[in-house]
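I have placed the structure first, in the form of structure tokens, so that the comments after it can refer back to it.
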Amino acid sequence: MSKVDVLQGTLDLLILRTVQLEPLHGYGIAQRLEQITRGTFQVNGGSLFPALYALEKNGYLRSEWRATENNRRAKYYALTPGGRRKLTEEKRHWARIVAAMQLVLDVSK
Amino acid sequence: MRLLQRIFFALRSITNRKRFESELNEELADFLERDTQDKIARGQTPDAAERAARVEMQGVHQTKERVRELRPGVWLETLWQDIRFAARILRKRPAYVMLALGTMALGIGANTAIFSLIHAVLLQPLPFHDPERLVLLQTQTLEARVPQISYLNFADVRDQHPGIEEATLFLYDAFVMKSGGKGEPARRLGLRVTPGFFHTLGVQPSLGRGFHEKETVPGKDRVAVVSHRLWKESFGSSTGVLGKLIVLDEQPYIIVGVLPKEFDLFLPMTDSFTIQNTDIYIPLPDSHEYLPLRSIFTFEAIARLRKNVTQEQAEADILHISRRLAEKYPDTNGDRSLVMTPLRDHVVGGARPALYLLMAAVVAVLLVACANLANLMIGRVTAREQELAICAALGASRGRLIRRLLVESMLMTGMGGFAGVVLAWLLLPQITERLASQIPGAAATSLNAPVLLYAILACLLTAIVSGLLPARRLISGGRASVLANGEGRASAGTARARMRKGLVVTEIALSCVLLAGAILLGSSFLSLMRVRTGFDSTELLTFQIRLSESRYETRKQVAQTANEFAQRIAALPGVKKATATGSLPLSGHNTGTAMWIEGRMPPAGRQPPELRWQFVQPGYFETMRIPLVRGRLFEPRDLEHKTHVTLISESVAQRDFPNENPIGKRVSYGAPETETDWHEIIGVVGDVRHGTLREEPVPRVYDLLGQHAGLSLFIAVRTSQGASQIMPSVRAILSHLDPGAPVYDVRTMEQWKTNSVSREQMLAAIVTLFAGAALFLGAVGAYGVISSLVAQRTREIGIRMALGAAPKTILRSTIGEGLQLALTGLTIGVLASIAIGPMLRGLLFGVKFADPRTFALVAAPLLFVSLAACYIPARRAARVDPMTALRAE
């Protein structure tokens, strides 16, 4: 199965959803996304880091340096309360888009 | 609060910059390493894995740069970087910087100076309380609107007009002042005012008080309020001045008040005469001889409208009152109506077109400066293509690159603007001094906050335009176009060249418009100076005297003293002739009257048309060299005859006595009541431009000094000597005849002439200056563009020459290219001038704006300057050594 780039405008939603359960570092987020989508979505660092810093600047994420599982230092990103609200909002928004897309596709059958 | 927080974050992040950078490095390195490890684990070789990881990152530097831009406060920090960078670049190019600075200094300097003038004159409120509610009450005759009004008409308007809150009447006057017995008697201008004068204008004396109601009663009216200027000059700003005496026309007055410094009444009365520098205010007595006369239009009046009364409503009301008065008093009001003008319009209205013209001219200069700066910037960008491309490759975003250019242009305009403001600050006092007597309020011109704000805005605008024009390709094309090489760069080059050529064409067109304006104004000024005045203004020395009121009881006595005075002056060595008169041409003194002709009485309630009236000594026409057309001139014996005699000008003869001989006809100035009112016409003299040089001669009649008299006299002396040689003797003669009489306002007739056209002269001079500046800037622009085009095409020229093109051909084609720009600009400029020309109509005299000669005069210097600007780079092109050129590539 070939990899595709993340849809325009959905990267923020994906990141927020990925760190919802537990704080993750940059590479962890990219990896988790690839795993969950079974390798469909590939996020490269060039897009990931600007998005992470923007989310942090807007108060949806906070970050801290922590020791990793194999005792290295890494920067972990976690959801803030604002991020949680944002995620709910984005999910609802996405659901509407999906439903609308589906309607269009069904009609054209 | 939020803002404070943001600023705090911004500042903190600057101080934490090092940590931010190291953390970012660590985070990205960590990402890359994990990615690489993963890839190795999946079976790639370490080298391949690392390369793949970097490729997927899409450039580590670029990613970092994009993240950096998200940092709070990053703008502040990079701005500082950009400023330092721009400063470093500018330091390396002193010639370019000097040119740009000079350009900006010229543009901003001119703009600041003129705008401060406009601010002082047109935007600043008059120095009275709530000045927008003040109106001038005036009389509209069939011919013109005169500022004056008669007392009874004034009283009716004041009492019947519902919109008028209060009103004041005043009379312009001049006094011989002796203060404290010391010093020469001096002549001072002043006003006789109703007690409410200061209250109506809303001015509070800074010392003492205004007038009381009862101070119009004869005997109680010997009180005076003086100007701040007089207080300073004659009383050394002493606070003990209240209660002191000043002697005005030999009458003692008690000083009761001193006016604030900024108070000045600036009332234009005619085109060339304005009431200003009034130093003395005394009450207008109840007993004044003109008060009961509805027909004497000699007073000035200002009214204050009630709050919330609109101008339209007030005008409608006064029109209504005026019609009622015309019905009630047809004799005096039949042909006249009463009108009101906002005081501000009356005071500054005349200066408006000139100021607008100057403003348009400086904006044009600024546009030229702006185009020039943009041109320089484009040239710089072209030269720095490589550097910008590298910056872009290293991850600098488009915004950052554009900002870098903006910072550079702002630095330049900032410094240039500062130099311009300093320039304006240096020049302003000189401009103001020259304009102070011409334009009301010009004396108050200063570089205040609004003016500086204007200068800053002008700088910012210039910086944005000149910074963004070269960045246009960056904005539209983005990084790709900057990075593009080969074909891409070539097309970028042509687009820039096209833009630069466009800018040069704009500059030339604007200079052309300015030049056309300057030439029109200049030749208008010259044709004014060449106008036939009807008298000989050369070798005429003039001054005024004021005889002492108490010494003379009859008009004849005044005439005798004046005659003797003139005769004695005429006997001085070097003096050919001398004469006294009530008014001199171009001096601004004009008296109007109506002329009744015997046997041709106007219908009841109607007055004959107005003409100008003047009393003269018998030798007046010989001294002024005004020609006699028919009949004879006044002779000394005419004063002894029983019948009054008079002279009329040619235009009166043509208007009132067509196809008949006016000699021997009898006329009366004022409705004839007794036999002695009739004057016999003894001759016709040539027409004289008396009011201004612009005005066609107005019908004028001459009365004999002695038949009529005034204590204020003009003296004209025909002499080749200078004032310094004549005046001491003149003063000695006068102090012998009338010891209290002051001599003042000594100047030659040529000076009166120049004075009457000083506004035209000033306009022509300033616009010429601006046109010169624009022309210079245009030449610089053309030179810059042509020489950089030559530089870019060195290789092409080299090839052409290697293939056998003669240097002459190269020279010709390069000059041809420049000439094409000049001609395009010239064509656009000429068309624009023709379109704009009619707007100048009111300021021009005796010139046609679409005159081909004007455009020939415009084209000649423009083409010459552009050719010169093209010649130097063209010669350089012709000298290109083919081998060097080819090797360079």
Side-chain angles (χ1 to χ4, degrees), chain A residues 1-6 8 11-12 15 18-19 23-35 37-78 80 82-83, chain B residues 2 5-10 12-13 16-17 19-42 49-75 393-397 399-400 479:
Chain A
M1 191 169 185
S2 69
K3 293 173 176 179
V4 295
D5 272 345
V6 170
Q8 196 90 42
L11 184 58
D12 284 0
I15 293 173
T18 315
V19 297
L24 284 171
H25 53 66
Y27 191 71
I29 295 171
Q31 234 183 355
R32 181 72 59 86
L33 267 174
E34 219 175 320
Q35 284 168 5
T37 61
R38 292 185 199 122
T40 308
F41 282 170
Q42 189 188 31
V43 187
N44 62 60
S47 327
L48 180 66
F49 284 102
L52 281 174
Y53 274 76
L55 287 169
E56 188 182 2
K57 189 179 168 190
N58 290 325
Y60 302 131
L61 291 181
R62 62 185 150 74
S63 67
E64 58 180 337
W65 287 85
R66 272 199 216 167
T68 62
E69 55 279 14
N70 38 20
N71 247 349
R72 284 173 46 173
R73 241 164 66 91
K75 198 175 176 189
Y76 279 81
Y77 292 89
T80 63
Chain B
R2 250 190 107 87
Q5 211 171 6
R6 287 185 71 154
I7 292 174
F8 173 72
F9 273 130
R12 203 187 54 180
S13 89
N16 290 345
R17 197 168 75 94
R19 216 182 93 196
F20 176 88
E21 283 292 320
S22 72
E23 287 188 1
L24 181 61
N25 281 340
E26 195 182 335
E27 194 177 7
L28 290 184
D30 180 55
F31 186 96
L32 277 178
E33 203 189 318
R34 285 171 195 273
D35 203 12
T36 312
Q37 292 303 331
D38 248 28
K39 285 183 166 54
I40 292 172
R42 282 183 206 165
E50 198 184 331
R51 206 176 318 120
R54 281 181 184 275
V55 167
E56 275 171 26
M57 177 78 88
Q58 293 173 341
V60 179
H61 283 294
Q62 287 90 331
T63 305
K64 275 189 198 166
E65 190 57 34
R66 263 178 290 154
V67 171
R68 274 187 208 119
E69 277 167 23
L70 290 166
R71 278 179 60 210
V74 70
W75 52 273
L394 286 177
S397 69
R400 183 83 194 272
R479 206 175 302 201

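Residue numbering restarts at 1 for every chain, and letters A, B, ... go by the order of the sequence lines. All values derive from a computational prediction rather than experimental measurement.
Proximity of F49(A) to R66(B): side-chain heavy atoms (C-beta onward) are nowhere separated by under 4.5 Å. A heavy-atom distance below 4.5 Å is not found between the side chains of E33(B) and Y27(A). At a threshold of 4.5 Å between non-hydrogen side-chain atoms, the residues R73(A) and E27(B) do not count as touching.
Residues W65(A) and E26(B) bring no donor and acceptor atom of their side chains to less than 3.5 Å of each other.
With a 4.5 angstrom heavy-atom cutoff, L24(B) touches chain A via backbone and side-chain atoms both. Contacts between E56(A) and chain B at a heavy-atom distance below 4.5 Å are absent for every atom of the residue.
Residues satisfying the side-chain hydrogen bond (donor to acceptor under 3.5 Å, both in side chains) test with K39(B), not counting sequence neighbours, are D35(B), E56(B). In terms of the side-chain hydrogen bond (donor to acceptor under 3.5 Å, both in side chains) criterion, residue partners of R34(B) (sequence neighbours excluded) are, by chain and number, H25(A), D30(B).
Taken from CG in N44(A) to OG1 in T63(B), the straight-line distance is 7.5 Å, to the nearest 0.5 Å. Rounded to the nearest 0.5 Å, atoms CZ (F31(B)) and CD (Q31(A)) are 9.0 Å apart.
No other option in V67(B), L28(B), V60(B) has as many heavy-atom pairs under 4.5 Å with chain A as V67(B).
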